[in-house]
2 protein chains.
Amino acid sequence: MTQDGPTMSEGAVHRGRAASSGQPKSDTRAAGSGEASVVERRDEILEIAATLFAERGYRATSIRDIAERAGMKAGSLYYHITSKEALFVEIHDKALDAAAARVRAVIAGCRSPWERLEAACVEMLEIQLNPESLTLPIMNNFRSVPDEVKDALIRKRDEFERIFRDIIAALPLPSAIDRTIYRILLLRLLNTADEWYREGRLTRPEIAAQIVGIFRHEAG
Amino acid sequence: MTQDGPTMSEGAVHRGRAASSGQPKSDTRAAGSGEASVVERRDEILEIAATLFAERGYRATSIRDIAERAGMKAGSLYYHITSKEALFVEIHDKALDAAAARVRAVIAGCRSPWERLEAACVEMLEIQLNPESLTLPIMNNFRSVPDEVKDALIRKRDEFERIFRDIIAALPLPSAIDRTIYRILLLRLLNTADEWYREGRLTRPEIAAQIVGIFRHEAG
DNA sequence: TCAAATCTAACAAGTGTTTGATAGATAAGC
DNA sequence: GCTTATCTATCAAACACTTGTTAGATTTGA
């Protein structure tokens with residue numbers, strides 16, 4: 001892609017209920033009335049799209065694919081979304097926020113720096129390898145994303161990675177090790193786990209322990 | 001992609017001079033006659049395609065992109081190639097062969113196991129980060145490749161990675177470290193270097209040294 | 001003259017997106 | 001309570017465009 005994607009012009013003025021707009025009137029409509037509420041429907045679409053983006057990548061996932069999985073026709077999707085790009089950006093931001101929250105939560109209960117690193121690694125593997133929710137492996141492969149959007153995505157990702165910068169800053173590493181490279185390498189492994197992970201033999205915590213084992217060096 | 005790509009039916013019976021076929025008559029035509037020889041023309045196309053595939057990925061690179069860079073129209077490309085898939089497979093195989101040769105060459109002159117590992121890492125970074133030749137970063141991102149082709153690509157890649165299996169087998173690692181995970185992680189970093197590498201500050205050999213520094217653990 | 005290499009033009013299929021029509025539910029007026 | 005009117009969510013159909021690929025005509029050079 002890089003230069004041929006649609007150009008993401010201005011903000012949406014759709015008739016439908018695209019992205020951010022606060023609740024429509026007061027439509028959260030408690031789950032009493034039998035069927036899924038309006039808000040849930042949109043979240044459902046976000047999850048479906050997230051799963052497909054994660055499985056096949058942005059470019060290889062078509063609007064029609066998403067629509068079909070959501071049980072509707074392609075055109076109908078545009079009642080809920082502004083554009084494919086906007087959909088991706090929204091998912092990406094939500095996924096990173098959720099991931100950040102989860103990682104922050106697990107490291108909060110850790111005393112030593114190495115404990116924190118290992119807990120963060122375990123949690124990252126869970127996040128990347130469990131296609132359960134909206135916390136999905138889509139924080140790389142920026143090549144498949146139009147240029148203008150790319151900047152926003154990278155900014156959000158950098159924000160997320162600051163968590164690891166802090167964890168690593170607290171590690172008692174030998175002075176010969178460059179902490180920036182250290183962080184880049186570690187995050188690359190964690191973020192692309194779904195590409196190199198092979199089911200079987202070792203469990204996820206065991207693999208996380210292997211990673212930390214390799215990255216563990218005490219100053220001396 | 002995964003299931004929608006073209007289906008790579010049978011072997012080519014083109015009129016042109018697609019893939020493997022030995023030389024056409026005796027057409028290597030020494031470089032005396034002023035212009036590029038026929039064989040060189042085809043290699044030129046392979047290099048152009050390799051560069052584009054590396055830059056944008058398989059799916060995001062169109063036949064028309066390649067043709068334009070080669071100074072011709074899309075249809076004309078099919079005089080030289082059988083299909084986009086076959087073109088990719090050929091490039092991929094050639095790239096891996098070239099990379100294997102280069103890595104084998106540099107580790108041949110090394111005594112100690114750790115020396116060998118560092119030399120291999122330096123060379124891999126050079127290969128991945130120098131878009132000079134046909135030795136290009138396309139040994140990952142298999143998601144963007146049709147299923148049937150994927151198997152062949154993976155087989156070839158596994159063959160390449162055996163070099164690293166041997167290097168790692170000779171390392172005096174602590175018994176707690178799993179050499180399979182160790183190899184997978186290291187190769188993932190080296191193979192995706194073009195995605196995480198940022199120009200400036202550290203040179204490539206310095207980065208390679210950092211990587212080896214992190215992965216270096218003596219048994220004890 | 002002959003073959004190699006390229007062009008033009010089309011194909012069928014797929015892309016993101018828009019438009020106008022329409023069921024089904026909800027609310028308002030009488 | 002019954003009939004309107006409004007609104008929500010969907011569909012069908014088209015749009016303009018890109019994709020890989022093929023066929024036949026045409027140029028180029030020896």
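Since the structure is predicted, the reported quantities are computational estimates derived from the model, not experimental observations. Chain identifiers are assigned alphabetically (A, B, ...) following the order of the sequence lines, protein sequences preceding nucleic acid strands; residue numbering begins at 1 within each chain.
Within the 4.0 angstrom heavy-atom criterion, only backbone atoms of the sugar-phosphate kind lie near A/Ser62; the bases stay farther away.
For the pair B/Met72 CE and D/dT27 P, the computed distance is 18 Å after rounding to whole Å. As rounded to whole Å, 10 Å separates atom C1' of D/dT19 from atom CD1 of B/Ile63. To the nearest angstrom, C1' of D/dG20 lies 20 Å from OH of B/Tyr79. Look at CZ on A/Arg41: it is 5 Å from P on D/dT10, rounded to the nearest Å. Atom OH in A/Tyr78 sits roughly 3 Å away from atom P in C/dT17 (whole-Å rounding). Here the C1' atom of nucleotide D/dC11 and the CD atom of A/Glu68 are 15 Å apart, to the nearest Å. Following rounding to the nearest Å, B/Leu77 (CG) and D/dG20 (P) show an atom-to-atom distance of 10 Å. Rounded to a whole Å, the CG atom of B/Leu87 is 12 Å from the C1' atom of D/dG20.
Geometrically, B/Lys84 engages B/Tyr58 in a cation-pi contact, judged by NZ or CZ lying under 6.0 Å from the ring centre and within 45° of the ring axis. Judged by a 6.0 Å distance limit and a 45° cone about the ring axis, B/Arg42 is not positioned over the six-membered ring of B/Tyr79.
Remark: A/Glu118 pairs with no residue by the salt bridge (Lys or Arg N to Asp or Glu O under 4.0 Å) rule, at least two apart or across chains. Legend: residues meeting side chain to side chain donor-acceptor pair (under 3.5 Å) with A/Arg155, ordered by chain and number and at least two apart, are absent.
For A/Arg64 against C/dG14, no side-chain N or O and base N or O form a donor-acceptor pair under 3.5 Å.
Contact between the side-chain N/O atoms of A/Lys73 and the OP1/OP2 oxygens of D/dA12 is found at a separation under 4.0 Å. Contact annotation: B/His80 reaches the phosphate of C/dT6 (side-chain N/O to OP1 or OP2, under 4.0 Å). Applying the 4.0 Å criterion to OP1 and OP2 of D/dG20, one finds that B/Lys84 has a side-chain N or O inside that range. Taking 4.0 angstrom as the limit, A/Ser76 places none of its side-chain polar atoms (N or O) nearer than this to OP1 or OP2 of D/dA9.
The CZ atom of B/Arg204 sits 15.0 Å away from atom SG of B/Cys121, with the distance rounded to the nearest 0.5 Å.
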